[in-house]
Amino acid sequence: MKTILVTGGAGFIGSHLCDRLIKEGNNVICLDNFFTGDKENILHLINHPMFELVRHDITMPYFAEVDEIYNLACPASPVHYQYNPIKTIKTSVMGSINMLGLAKRTRAKILQASTSEVYGDPTVHPQPESYWGNVNPLGPRSCYDEGKRCAESLFMNYYQQNKVKIKIIRIFNTYGPRMHPNDGRVVSNFIVQALQNKDITIYGNGTQTRSFQYIDDLVEGMIRMMNTSDDITGPVNIGNPDEYRIIDLAEKIIKLTGSKSKLVFLPLPADDPTQRRPDITLAGKLLNGWKPSFDLDQGLELTIRYFRKKLNID
Ligand code: NAD
Ligand code: UDP
């Protein structure tokens with residue numbers, strides 16, 4: 001039986017990962033400072049004998065005997081990571097140093113939840129792992145993008161210098177149940193607006209693209225990555241290559257919810273990437289043929305069902 005630490009475990013992705021790790025019979029320590037996380041996401045696990053919840057901020061050191069670490073702690077929505085940019089950088093940089101130090105001491109394997117944002121506003125499309133990216137180091141997104149890029153560098157250096165067993169995945173836009181209704185990201189915003197028949201807020205003209213991955217596909221990819229042999233460090237892209245314009249996502253959500261919402265167009269935030277789509281060839285090779293199994297309609301149906309219940313809408 002393994003003891004597995006999940007930082008950011010009360011968040012959207014972290015809580016699904018905790019569920020899966022508990023189901024597979026592991027001891028799970030869920031560590032979270034509850035900045036964007038929610039106890040409700042893990043309420044059903046609280047009394048489980050193999051589950052332990054710890055309120056802790058990863059910018060401070062943490063000590064425990066663990067076999068594996070999934071480092072997910074970091075606000076992920078632009079609204080939240082830009083709320084306190086210095087704290088966001090500290091979480092990625094000091095948080096990674098603390099968790100890598102823990103991995104070094106306990107000889108644990110450690111996986112970093114990196115992001116497609118390391119590619120910035122990409123000029124190569126779709127994005128393979130070999131692409132170095134196009135990030136504005138001074139813009140409003142840089143606290144997140146550069147923090148995550150620095151974290152990748154730290155992981156690589158701990159691997160090369162200290163032989164820590166590292167895994168880096170670059171996660172592309174992921175959605176599903178347990179996203180916070182006020183999370184601010186596009187899928188949750190549009191679903192909540194559509195279910196309440198409120199205006200759907202499109203930033204810019206809606207021609208920018210994203211590729212949306214359902215949460216269960218990501219969790220499967222993460223666990224497969226953790227279980228690869230020690231010589232495989234990544235980075236490996238984990239995402240769904242089906243690419244959509246934001247305006248088409250809005251129309252789809254209106255249709256699936258039967259909503260009366262209208263589209264409204266608001267200013268495009270600075271440095272908003274114009275296109276994004278993962279090249280997942282490497283993930284297929286290294287992760288036993290891993291590929292997404294949920295298409296957008298299926299994933300949206302499940303997510304809409306969740307929000308209907310959460311918001312008491314029938
Ligand atoms: P989320 O905001 O729901 O979860 C982040 C969790 O980390 C929250 O529970 C929050 O309270 C916790 N946290 C934040 N700062 C912390 C700190 N200093 N110490 C301890 N806990 C802290 O977001 P998510 O979508 O679940 O994202 C999880 C991870 O995956 C993040 O690292 C994010 O960068 C990465 N990621 C997510 C996506 C996506 O599309 N969802 C894409 C790329 C990368
Ligand atoms: N977006 C939008 N309306 C919203 C929220 C987001 O049009 O209410 C756009 C946003 O400008 C971006 C895309 O949707 O082009 C994805 O935004 P999100 O914040 O979900 O993720 P990220 O930009 O980090 O990929």
Side-chain angles (χ1 to χ4, degrees), residues 6-18 30-39 41-42 54-60 62 70-82 84 87-96 98-99 111-119 121 141 144-145 147-148 151 169-176 178-180 183-193 199-213 215 218 222 237-240 244-247 249-250 263-276 278:
V6 179
T7 78
F12 158 54
I13 297 174
S15 63
H16 287 278
L17 180 63
C18 287
C30 167
L31 193 152
D32 208 292
N33 72 349
F34 295 105
F35 174 47
T36 52
D38 192 342
K39 255 192 202 156
N41 289 340
I42 34 128
V54 180
R55 179 185 283 264
H56 182 83
D57 192 306
I58 62 159
T59 58
M60 309 297 282
Y62 176 75
Y70 287 86
N71 189 35
L72 273 61
C74 185
S77 165
V79 187
H80 297 299
Y81 70 63
Q82 288 171 24
N84 184 345
K87 180 65 195 261
T88 300
I89 298 174
K90 282 186 183 171
T91 296
S92 275
V93 177
M94 292 163 64
S96 291
N98 288 329
M99 291 306 119
L111 179 144
Q112 168 66 357
S114 190
T115 168
S116 54
E117 294 282 337
V118 300
Y119 302 123
D121 189 2
R141 299 173 82 98
Y144 184 74
D145 301 6
K148 289 282 187 179
I169 56 166
R170 291 182 178 156
I171 303 170
F172 283 65
N173 297 64
T174 303
Y175 68 96
R178 298 194 196 146
M179 291 184 92
H180 197 279
D183 178 89
R185 281 176 284 186
V186 69
V187 174
S188 46
N189 269 11
F190 286 3
I191 292 179
V192 170
Q193 289 162 348
D199 288 345
I200 305 265
T201 54
I202 300 207
Y203 303 159
N205 61 14
T207 55
Q208 70 272 33
T209 67
R210 294 293 186 274
S211 305
F212 298 102
Q213 161 173 247
I215 179 68
L218 169 61
M222 287 177 116
N237 289 338
I238 308 278
N240 187 324
Y244 292 86
R245 298 190 313 167
I246 294 303
I247 194 162
L249 174 74
L263 306 184
V264 293
F265 294 86
L266 301 178
L268 187 68
D271 295 340
D272 199 283
T274 51
Q275 53 179 358
R276 187 181 290 151

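All figures in this text were calculated on a predicted structure; none of them were measured in a lab. Start at 1 and go down the list; that is how both ligands and their atoms are numbered.
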**OP:** Can you sort out the partners of Asp121 under salt bridge (charged side-chain N to carboxylate O under 4.0 Å, His left out), two or more places apart, ordered by chain and number?
**Re:** none

**OP:** Return the set of residues passing salt bridge (charged side-chain N to carboxylate O under 4.0 Å, His left out) with Arg245 (not counting sequence neighbours), or none when no residue passes.
**Re:** Asp248

**OP:** State, without any angle test, whether Arg55 and Asn33 hold a side-chain donor-acceptor pair at a distance under 3.5 Å.
**Re:** no

**OP:** Look at Arg141 together with Glu117 and state whether they make a salt bridge at an N to O cut-off of under 4.0 Å.
**Re:** yes

**OP:** For the pair Arg178 and Asp183, find out whether any cationic side-chain nitrogen is under 4.0 Å from an anionic carboxylate oxygen.
**Re:** no

**OP:** Indicate the atoms forming the closest heavy-atom contact of Pro267 with Tyr203, along with that distance.
**Re:** O-CB, 3.8 Å

Subject >> Over all atoms of both residues, closest heavy-atom pair of Ser211 and Asn240 >> reply: CB-O, 2.9 Å

**OP:** Check the angle between the aromatic planes of Phe35 and His80 and answer parallel, tilted or perpendicular using the 30° and 60° thresholds.
**Re:** perpendicular

Original post:
So which residues, sorted by chain and number, lie with a heavy atom under 4.0 Å of ligand 1?
Top reply: Gly8, Ala10, Gly11, Phe12, Ile13, Asp32, Asn33, Phe34, Phe35, Thr36, Gly37, His56, Asp57, Ile58, Leu72, Ala73, Cys74, Pro75, Ala76, Thr91, Ala113, Ser114, Thr115, Tyr144, Lys148, Ile171, Asn173, Thr174, Arg185

Present, as a list of atom pairs with distances to 0.1 Å, all nitrogen or oxygen contacts under 3.5 Å between ligand 2 and the protein.
residue: ligand 2; atom: 3 (N); partner: Thr201; partner atom: O; Å: 2.6
residue: ligand 2; atom: 7 (O); partner: Tyr203; partner atom: N; Å: 2.8
residue: ligand 2; atom: 8 (O); partner: Asn189; partner atom: ND2; Å: 2.8
residue: ligand 2; atom: 8 (O); partner: Thr201; partner atom: O; Å: 3.3
residue: ligand 2; atom: 8 (O); partner: Thr201; partner atom: OG1; Å: 2.9
residue: ligand 2; atom: 8 (O); partner: Tyr203; partner atom: OH; Å: 3.4
residue: ligand 2; atom: 11 (O); partner: Asp272; partner atom: OD2; Å: 2.6
residue: ligand 2; atom: 15 (O); partner: Gln208; partner atom: NE2; Å: 3.0
residue: ligand 2; atom: 15 (O); partner: Arg210; partner atom: NH2; Å: 3.4
residue: ligand 2; atom: 15 (O); partner: Asp272; partner atom: OD1; Å: 2.6
residue: ligand 2; atom: 15 (O); partner: Asp272; partner atom: OD2; Å: 3.3
residue: ligand 2; atom: 20 (O); partner: Val186; partner atom: N; Å: 2.8
residue: ligand 2; atom: 21 (O); partner: Asn173; partner atom: ND2; Å: 3.4
residue: ligand 2; atom: 23 (O); partner: Arg141; partner atom: NH2; Å: 3.0
residue: ligand 2; atom: 23 (O); partner: Arg210; partner atom: NH2; Å: 3.1
residue: ligand 2; atom: 24 (O); partner: Glu117; partner atom: OE2; Å: 3.1
residue: ligand 2; atom: 24 (O); partner: Arg141; partner atom: NH2; Å: 3.0
residue: ligand 2; atom: 25 (O); partner: Asn173; partner atom: ND2; Å: 2.9
residue: ligand 2; atom: 25 (O); partner: Arg210; partner atom: NE; Å: 2.7
residue: ligand 2; atom: 25 (O); partner: Arg276; partner atom: NH1; Å: 2.7

Subject >> Check: Asp32 side chain, Ala10 main-chain N or O, donor-acceptor pair, under 3.5 Å >> reply: yes

